[in-house]
Amino acid sequence: MVAGIGITAPMVASAAEGCEIEYRVDSQWPGGFTGNVTIHNLGDPIDGWDLTWTFPSGQQITQAWNADVTTSGDEVTASNLGYNATIASGGSTSFGFNGSWSGSNDSPTQFFLNGVECTGDIGEPTPTTTTSEPPPDDTDAMETVAAMQPGWNLGNSLDSVGDDETAWGNPRITEELIQNIESQGYNSIRIPVTWDNHQGSAPDYAIDPAYLDRVEEVVDWALEADLYVLINIHHDSWIWMADMQSNHDEVMARYEVIWNDLADRFRDAPPELLFESVNEPQFNDVDDSTAYGLLDELNTVFHEIVRDTGGGNADRVLVLPTLHTNDEQPRLDALNQTIDSLDDPNIAATVHYYGFWPFSVNIAGYTTFNDEVRQALVDSFDRVYNSFVAQGTPVILGEWGLLGFDAHTGTIEQGEKLKYFEYLEYYAQERNITHMVWDNGQHLGRTSFEWSDPELYAIMEAGWTTRSGTASTDQVFVERAGTVTDATVTLNPNGNTFEGLRHGDTPLDEGTDYTLSGDQLTISADTIEDLIGSGEYGTRADLHADFSAGVPWRISVVSYDTPVVQDASGTTDSFAVPTQFNGDQLATMEAVYSDGSGNAGPQNWTSYKEFARAFEPDYDAGTISLTSDFFAEVNDGQEVTLTFHFWSGETLTYHVTKSGSSVTGTVA
């Protein structure tokens with residue numbers, strides 16, 4: 001990779017009349033690389049394309065986006081998806097991929113577009129980086145923060161609480177990982193750092209030099225990859241800083257040592273490096289008014305230490321959090337008072353957002369991204385915008401995602417998850433808020449560099465530049481034992497135009513296979529019956545609604561019959577309801593005492609329990625497990641009625657009774 005900030009020129013294969021191919025290696029590491037291919041159409045408009053080439057060195061493609069890529073030996077065929085099939089005269093389209101290599105990674109030398117060769121010589125591939133231009137030397141906080149869009153968090157690594165960065169299960173950070181983050185399209189990286197285990201005792205509280213060297217190494221890799229970088233004090237906020245009220249002098253001494261060392265170490269770093277005073281500040285046994293004063297003291301001392309070291313720190317953008325990094329109006333107002341008192345134009349504010357809580361963990365029946373969930377997001381971002389951005393202070397959404405991901409990335413149903421991610425990026429950008437997604441290893445593989453959920457990444461990537469159309473659901477359930485009928489879903493074009501429905505690469509016929517009336521898309525019973533066939537339970541076909549921009553919206557046609565549960569016995573530590581899901585999927589579970597005395601289990605203000613915390617389906621094993629946390633708050637000897645709600649609309653009731661550590665379950 002080319003060191004420093006800059007834009008390198010891609011390799012271009014000078015083409016035969018009609019087309020030009022740009023083949024690029026964006027990053028390369030031992031055994032792997034990320035490639036990008038751009039098709040330039042110099043001839044008549046193209047409606048549907050296949051691009052073929054042969055790898056000269058035995059490379060293999062392991063993952064692709066924005067194209068359907070198949071391989072046969074060394075031969076590769078990349079075909080359009082529905083939304084990028086058309087390339088106008090003078091237009092272009094691009095797709096990317098991750099690949100593997102050994103020995104050498106030579107470039108392909110021939111490309112064929114729809115069977116016609118695009119000829120020309122291609123030199124050795126050069127890793128290419130493209131970033132927003134850096135701000136001028138007189139750093140402007142608004143420009144800097146805007147250039148950081150979008151951002152990614154290197155979570156559960158240097159912020160791990162333990163002996164080293166592998167303590168929470170992630171591998172050691174590599175330069176190849178950092179380069180891959182840039183090649184995935186991110187312009188900034190937040191590197192959370194926990195210092196507790198690497199800081200000595202009183203009175204010096206010295207930072208382990210080897211650990212500080214390691215932090216610097218990772219920061220340098222990120223800067224060399226042309227990423228903006230944000231580093232901080234992370235889990236120390238609750239490990240020892242939370243006792244600031246009762247242990248003020250020690251907390252301040254440790255805090256000052258860390259920031260003095262960091263400010264000195266990075267004094268001459270470029271302005272693309274930003275400092276964040278502390279992550280999610282919190283204080284034990286104090287009221288909010290006291291907590292605001294403690295946080296103001298930390299932020300003020302942080303500002304003074306960094307600015308007094310001079311050099312690049314004289315005008316480096318400094319990032320200050322609200323209490324708990326929360327967006328409630330009193331938290332925002334308190335931070336605004338601190339910012340006003342500092343009177344420094346190179347300050348940014350930061351908050352975190354993990355969604356409307358009941359939806360974000362799937363509790364209280366909030367299984368969908370409904371109007372209430374959406375409005376909570378709008379209200380949050382509006383408060384942040386009006387409090388900071390509209391007053392000239394840029395805002396970084398330092399972490400965002402869904403709280404339910406802490407238990408399982410499947411806590412929120414896929415389509416509802418996609419709608420949330422699509423809307424959050426859209427509205428954050430509407431409010432000029434730079435967003436940095438939280439990833440603790442659950443999304444991008446730290447060594448494979450592949451996304452665990454490519455569909456989720458695709459909608460995030462599209463959201464950086466446009467909106468994607470969605471729909472009321474991504475699932476159409478068809479009862480195998482019943483009569484097949486038409487199925488209607490409501491489209492949400494989000495400013496785009498609906499362009500058609502397809503099955504794979506085959507367009508469906510409007511008027512025969514489906515009809516569109518306003519925003520109501522109706523799939524005919526005959527089409528559904530053809531797709532379902534007489535096969536097994538589960539997803540029988542994936543349809544895609546194509547829109548004029550963004551990624552297509554998948555609609556899965558699912559064959560099911562009413563689920564069946566069975567009697568069972570077990571313990572409070574190990575109890576599972578045997579379940580034949582028959583193609584259906586569990587949405588949520590209610591728990592109430594059968595005698596009508598109230599809700600059972602934890603969070604008894606609602607009958608609907610928290611997904612993956614109180615209960616969890618296992619479709620492969622054919623069970624619905626009830627957790628020890630659930631039984632810990634169930635009355636001994638008192639029968640509980642469970643109601644299982646499925647995405648098809650089916651419901652089942654079941655009884656469980658706890659007796660000491662034993663549990664019995666019976667079909668209602």
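This chain uses plain numbering: 1 for the first residue, then up along the sequence. Values below: all heavy atoms of this structure, side chains included; hydrogens, waters and symmetry mates excluded.
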message = For a quick check under 3.5 Å, do Ser57 and Ser104 share a side-chain donor-acceptor pair by atom type?
response = yes
ask   = Under 4.5 Å between any side-chain heavy atoms of Leu444 and Tyr457, yes or no?
value = no
task = Classify the side-chain pair Asn180/Thr34 by whether it contains a donor and acceptor separated by less than 3.5 Å.
result = yes
key: Phe275 side chain reached by Asn313 side chain, heavy atoms, under 4.5 Å   = yes
query = Checking side-chain hydrogen bond (donor to acceptor under 3.5 Å, both in side chains) for the pair Gln110/Thr54: CA distance, chi angles, key distance, verdict?
reply = CA-CA 7 Å; Gln110 284 184 306; Thr54 300; over 6 Å; no
message = Quick check on ring-ring contact (aromatic ring centres under 6.0 Å, His included): which of Phe421, Trp400, Phe381 does Tyr353 satisfy it with?
response = Phe381
query = Judged by atom type as modelled, is there a donor-acceptor pair below 3.5 Å linking the side chain of Asn232 to the main-chain atoms of Ser277?
reply = no
task = Show your reasoning for whether side-chain hydrogen bond (donor to acceptor under 3.5 Å, both in side chains) applies to Glu22 and Asn36.
result = CA-CA 8 Å; Glu22 179 183 316; Asn36 189 82; 5.3 Å; no
inquiry  = Which label fits Phe95 and Trp53: parallel for a plane angle under 30°, tilted from 30 to 60°, or perpendicular past 60°?
reply    = parallel
message = Donor-acceptor check, side chain of Gln429 to backbone of Gly463, threshold 3.5 angstrom: yes or no?
response = yes
ask   = Between the side chains of Arg446 and Ser157, is a donor N or O closer than 3.5 angstrom to an acceptor N or O?
value = yes
request  = Answer yes or no: is there a donor N or O on one side and an acceptor on the other, between the side chain of Trp259 and the main chain of Val306, under 3.5 Å?
outcome  = no
ask   = Can you tell me how far the CG atom of Leu212 sits from the CG atom of Leu262, to the nearest 0.5 Å?
value = 6.0 Å
ask   = Going from CD on Gln149 to OG1 on Thr465, what distance comes out if it is rounded to the nearest 0.5 angstrom?
value = 11.0 Å
request  = Please report the C-alpha distance between Arg431 and Val384 in whole Å, then the side-chain angles of each, then the deciding distance to 0.1 Å, and finally whether the side chain to side chain contact (heavy atoms under 4.5 Å, CB included) criterion is met.
outcome  = CA-CA 9 Å; Arg431 284 316 204 177; Val384 171; over 6 Å; no
query = Between Tyr354 and Phe405, is a ring-ring contact (aromatic ring centres under 6.0 Å, His included) present by the stated rule, with each step listed?
reply = CA-CA 10 Å; Tyr354 283 97; Phe405 285 175; 8.9 Å; no
key: Check: Trp152 ring centroid to His435 ring centroid under 6.0 Å   = no
ask   = So, Asp196 and Thr194: side-chain donor and acceptor under 3.5 Å apart, yes or no?
value = no
query = Side chains of Trp553 and Asp474: do they bring a donor and an acceptor to under 3.5 Å?
reply = no
key: Student check: side-chain heavy atoms of Glu20 and Cys118 closer than 4.5 Å   = no
message = If I compare all heavy atoms of Trp49 with all of Asn114, which pair ends up nearest, and what's the gap?
response = CA-OD1, 3.2 Å
query = Which heavy-atom pair separates Thr62 from Gly99 by the least distance, and what is that distance?
reply = OG1-N, 4.0 Å
ask   = How far apart are the closest heavy atoms of Asn279 and Thr325, and which atoms are they?
value = C-OG1, 4.3 Å
message = Given Glu280, which partner from the list His324, His234, His352 fulfils the side chain to side chain donor-acceptor pair (under 3.5 Å) test?
response = His352
SB check Glu422 Lys419 (cutoff 4.0 Å) = no
ask   = Between the side chain of Glu413 and the main-chain N/O of Glu416, is any donor-acceptor distance below 3.5 Å?
value = yes
request  = Given ring-ring contact (aromatic ring centres under 6.0 Å, His included), test Phe97 with Phe33 step by step and report yes or no.
outcome  = CA-CA 9 Å; Phe97 62 87; Phe33 70 106; 5.7 Å; yes
inquiry  = My understanding is that only one of His443, Gln414, Gln442 makes a side chain to side chain donor-acceptor pair (under 3.5 Å) with Asp453; could you say which?
reply    = Gln414
task = Could you pull out the closest heavy-atom pair between Gly441 and Asn170, with the gap in Å?
result = CA-OD1, 3.9 Å
ask   = Taking the six-membered ring for Trp, are the ring centroids of Trp464 and Tyr426 within less than 6.0 Å of each other?
value = no
request  = Determine, stepwise, if the pair Thr434 / Val395 fulfils side chain to side chain contact (heavy atoms under 4.5 Å, CB included).
outcome  = CA-CA 6 Å; Thr434 289; Val395 172; over 6 Å; no
request  = Hey, could you give me the CG/CD distance between Leu230 and Glu272, rounded to the nearest 0.5 Å?
outcome  = 13.5 Å
Any donor-acceptor N/O pair, Thr71 side chain to Gly73 backbone, under 3.5 Å = no
request  = Assess the side chains of Glu75 and Thr52: does a donor N or O sit below 3.5 Å from an acceptor N or O?
outcome  = no
request  = Could you tell me whether a side-chain N or O of Asn153 sits under 3.5 Å from a main-chain N or O of Gly398, the two making a donor and an acceptor?
outcome  = yes
query = Quick one: do Arg190 and Glu276 make a salt bridge, cutoff under 4.0 Å?
reply = yes
key: Under 3.5 Å: donor-acceptor pair, side chain of Asp236, backbone of Ile239   = no
request  = Quick one: pull up CG in Asn440 and CG in Asn156 and give me the separation to the nearest 0.5 Å.
outcome  = 4.0 Å
message = Go through it in stages, so that I can follow the logic: the residues are Leu403 and Trp357, the test is side chain to side chain contact (heavy atoms under 4.5 Å, CB included), and I'd like the CA-CA distance, side-chain angles, deciding distance and then a yes or no.
response = CA-CA 8 Å; Leu403 286 179; Trp357 181 73; 3.6 Å; yes
remark   = In terms of heavy-atom contacts, Gly550 and Ala462 come closest through CA-CB, 4.3 Å
Test item: side-chain donor near acceptor, Asp542 and Ser556, under 3.5 Å = yes
ask   = Going by distance alone, is a donor N or O of one side chain under 3.5 Å from an acceptor N or O of the other, for Asp50 and Ser79?
value = yes
task = Classify the angle between the aromatic ring planes of Phe111 and Tyr23 as parallel (below 30°), tilted (30 to 60°) or perpendicular (above 60°).
result = tilted
Side-chain H-bond candidate by donor/acceptor type, Thr411 with Asn362, under 3.5 Å = no
query = Taking it one step at a time, do Asn326 and Val351 satisfy side chain to side chain contact (heavy atoms under 4.5 Å, CB included)?
reply = CA-CA 6 Å; Asn326 177 273; Val351 296; over 6 Å; no
ask   = Going by distance alone, is a donor N or O of one side chain under 3.5 Å from an acceptor N or O of the other, for Gln59 and Asn105?
value = yes
ask   = Ignoring hydrogens and geometry, is there a side-chain-to-backbone donor-acceptor pair from Arg316 to Leu273 under 3.5 Å?
value = yes
note = All heavy atoms of Ala141 vs all of Val317, minimum pair found to be CA-CG2, 3.9 Å
key: Pairing of Arg265 and Asp213 as salt bridge, 4.0 angstrom limit   = yes
request  = In plain terms, say whether Glu216 and Arg214 are close enough for a salt bridge, that is, a side-chain N and a carboxylate O under 4.0 Å apart.
outcome  = no
ask   = Using a distance-only test with no angle check, is there a side-chain donor-acceptor pair under 3.5 angstrom linking Glu461 and Gln184?
value = no
